[in-house]
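Report on the structure given below.
Residue numbers start from 1 in every chain, and the chains themselves are labelled A, B, ... in the order their sequence lines are given, proteins ahead of strands.
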Amino acid sequence: MASLRERIAGAPPHPGAALEAWGQRLPLAELVAATGLGSARAELAGRSVLLRTRGQLGAVRCLVELDGLARRLVLCPPDLADEHLPGVLAAAEIDAVLTDALDAERPHPGVPIHRLRAPVQLSAAGDLPQVATEWLLFTSGTTGAPKMVIHSLESLTGAIAPPPPSPAARMVCGTFYDVRRYGGLQALLRALIRGCSLVLCEASEPLNEQLERLARLSVSHLSGTPSHWRRVLMSSQAQLISPAYVRLSGEIADQAVLDSLKAAFPQATVAHAYASTEAGIGFELEDGLEGFPDALLGRSGPVEMKVEDGSLRIRSPRLAAGYAGPAPPALTDAEGFIDTGDVVEFKDGRWRFIGRRNGIINIGGLKVHPEEIEAVINRHPAVRMSRVRGRRNPIVGSLVSAEIALADPQAAGSPERESALRASILELCRSELTPYKVPASIRFVAGLALTAGGKVERSDA
Amino acid sequence: MQQSANTTSAYMPGEASRVRQAVVGSFQQTAAAQSCELQPLADDLVLLDSGLDSLCFALIVAQLEDELGLDPFSDLDEALFPVSFGEFVQLYEAAARRSAL
């Protein structure tokens, strides 16, 4: 299997193709021909390396340097909390850290840190033995110890059609995702393997500037979550861009956002994809209809899908090989199907996504465990117990809603007392939780149903 | 600038005025709760320049659904997202008219 560097080098030529970040540009030719590892190249050979980068371009340089060189690379998302590092270092058996950051030391106890240097011509790529590198990616759950799954360049690029030898049309890709998460990594690999430019957006970059840049660089293929796209649709600068291909994944793409995109970009193909870090890309559809047709189930082919116990199951060579770490839980069932946990419902000839089995709430692509929020609410002295669920929202997919049973039901006996209690619980949540995890609505209930195991019932996810 | 919202509403029938007041109230409460600096709510204010982020808009839409029983964003007939504050209000006023039919 060719390394990422070799695959970029072998891509059809798009003259001047580059990664275009906010205020920074990295030509693909330089990415292939240069190295920033210096003498660390030999030291990193065969190692398990943590990639903790400040910027997206730094992450891309690290990926190209390490694929085929390191035994394992672990791509940290931009928001990985320091407190989780010791666990990550142990679970992934990290023996080196590679970073683009020039300043403060971060806590990586006992592990040598290497920094990317100014790129110099790579003289002999074949001087070190080429290995099949494991790619460890973080799943998108945001609480507790982060989980990693094991991919390979092959499983990550399985859904990408081989590029035509000579590009038929000019193609410039762009993405609202961060390349250090699965959706952005897909966009990155697609662009690199096709040899075309990719415009990267930064979370801190104002949307109008993102759109101006995407327009100036004539982006033709643009990807993001439905929430990213709703922001674009609400922008006065949306008409600046005229993509030929608009892609949504990472959240439920509802009919309203698909229709709105078709109306805003009539010249564009609007495609929605189902993908997760664990299951890879399940399907990509260009029919402009939410959900997916029944015909996709039970089909033979590289990707097999079925619905069992109400949730979507996928088997394909694009699945992760498993979870990383000692005694990892099984990723698939005995037949090799992964339970995505995404609950679907068949209605009017179409399967539609209705939520997550385990209650995980997807807020604009960020997944939230209800238990984390319940734990904070339950700390309030007036609260006996609570249940947090997702509430569908047309702007960010879902919001958090909470049902609360009080220790003393009379505590909310009057509208004034109820209002004061609600404010006090919200204040506690705001002090303990990031803003998107704070309940958008609170309802006081007389009691909450429990399962036989004594847990709060979540079967209606 | 705040006046322009009020001035406009004075010329509208009661229902439209009620909807506008609810929208204005929801923008102001959400901005305060999320510690965002809200720009004056003129009809030509571009929503993304209002000082509110996506989460704020999500919260506003949820609050208005609870308060007015209207969710025009999820309505398939509304294929265009509002860009300005005035369009946002119109979206809810139109939904209120439809629900009254």
Side-chain angles (χ1 to χ4, degrees), chain A residues 176 203 206-211 225-239 254-264 266 288-290 363-366 390-401 422-423 426-427 429-430 434-443, chain B residues 23 25-27 29-39 41-92 94-95 98:
Chain A
F176 295 111
L207 179 61
N208 283 350
E209 289 187 37
Q210 292 179 7
L211 292 169
T225 62
S227 291
H228 285 139
W229 281 111
R230 291 187 193 102
R231 273 180 76 225
V232 172
L233 290 167
M234 290 175 71
S235 158
S236 57
Q237 310 290 310
Q239 75 288 352
D254 57 35
Q255 197 60 49
V257 74
L258 293 172
D259 289 350
S260 302
L261 285 168
K262 196 64 211 169
L289 298 171
E290 67 177 329
I363 303 172
L366 300 166
R391 159 181 182 170
R392 275 195 98 149
N393 183 277
I395 308 293
V396 293
S398 297
L399 280 176
V400 171
S401 87
R422 181 176 281 120
L426 284 175
E427 192 185 319
C429 290
R430 288 202 184 98
T434 49
Y436 65 91
K437 294 180 182 173
V438 175
S441 49
I442 287 179
R443 197 159 64 89
Chain B
V23 171
S26 183
F27 269 68
Q29 285 167 34
T30 304
Q34 301 296 314
S35 307
C36 294
E37 197 176 326
L38 184 63
Q39 297 301 305
L41 292 174
D43 276 357
D44 59 357
L45 174 67
V46 171
L47 291 169
L48 290 182
D49 298 337
S50 63
L52 304 180
D53 59 13
S54 286
L55 179 62
C56 290
F57 289 116
L59 291 167
I60 288 168
V61 169
Q63 191 181 348
L64 290 172
E65 186 186 357
D66 292 346
E67 210 173 312
L68 303 173
L70 302 173
D71 183 14
F73 281 88
S74 297
D75 189 331
L76 297 190
D77 296 335
E78 300 294 342
L80 285 176
F81 276 67
V83 168
S84 68
F85 179 71
E87 288 168 14
F88 189 95
V89 173
Q90 281 165 22
L91 188 67
Y92 278 84
R98 272 200 308 278

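The part of B:Asp49 that comes within reach of chain A is its side chain, from C-beta onward, which places non-hydrogen atoms under 4.5 angstrom from that chain.
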Let's go through B:Glu65 and A:Arg391 carefully: what are the C-alpha distance in whole Å and the side-chain angles of both, what is the deciding distance for salt bridge (Lys or Arg N to Asp or Glu O under 4.0 Å) to 0.1 Å, and is it a yes or a no?
CA-CA 12 Å; B:Glu65 186 186 357; A:Arg391 159 181 182 170; 3.4 Å; yes
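Summarising the local packing, CD of A:Glu427 is surrounded by 12 or fewer heavy atoms from other residues, nucleotides or ligands at distances under 6.0 Å.
Smallest separation of non-hydrogen atoms from B:Asp66 and A:Ser441: OD2-CB, 4.1 Å. Of all the heavy atoms in B:Ala58 and A:Asn393, the pair that sits closest is O-ND2, 2.9 Å.
Contacts with chain B were tallied for A:Ile363, A:Val396, A:Leu207; A:Val396 has the most, counting heavy-atom pairs under 4.5 Å. Between chain A and the residues B:Ser35, B:Pro82, B:Ser84, the largest count of heavy-atom pairs under 4.5 Å involves B:Pro82.
The distance from atom CG of A:Leu366 to atom CG of B:Leu55, rounded to the nearest 0.5 Å, is 10.0 Å. To the nearest 0.5 Å, the span separating CZ on B:Phe81 from CZ on A:Arg230 amounts to 6.0 Å. Atom OG of residue A:Ser260 and atom CZ of residue B:Phe73 lie 9.5 Å apart, to the nearest 0.5 angstrom. Put simply, CG on B:Asp71 and CZ on A:Arg392 are 10.0 Å apart, with the number rounded to the nearest 0.5 Å. To the nearest 0.5 Å, atoms CD1 (A:Ile395) and CG (B:Leu59) are separated by 10.5 Å. Expressed to the nearest 0.5 Å, how far OG of B:Ser54 lies from NE2 of A:His228 amounts to 8.5 Å.
Side-chain atoms of A:Ser235 and B:Val83, non-hydrogen and from C-beta on, never get closer than 4.5 Å to each other.
Within the 3.5 Å criterion, the main-chain N or O of B:Leu48 finds no donor-acceptor partner in the side chain of A:Arg231.
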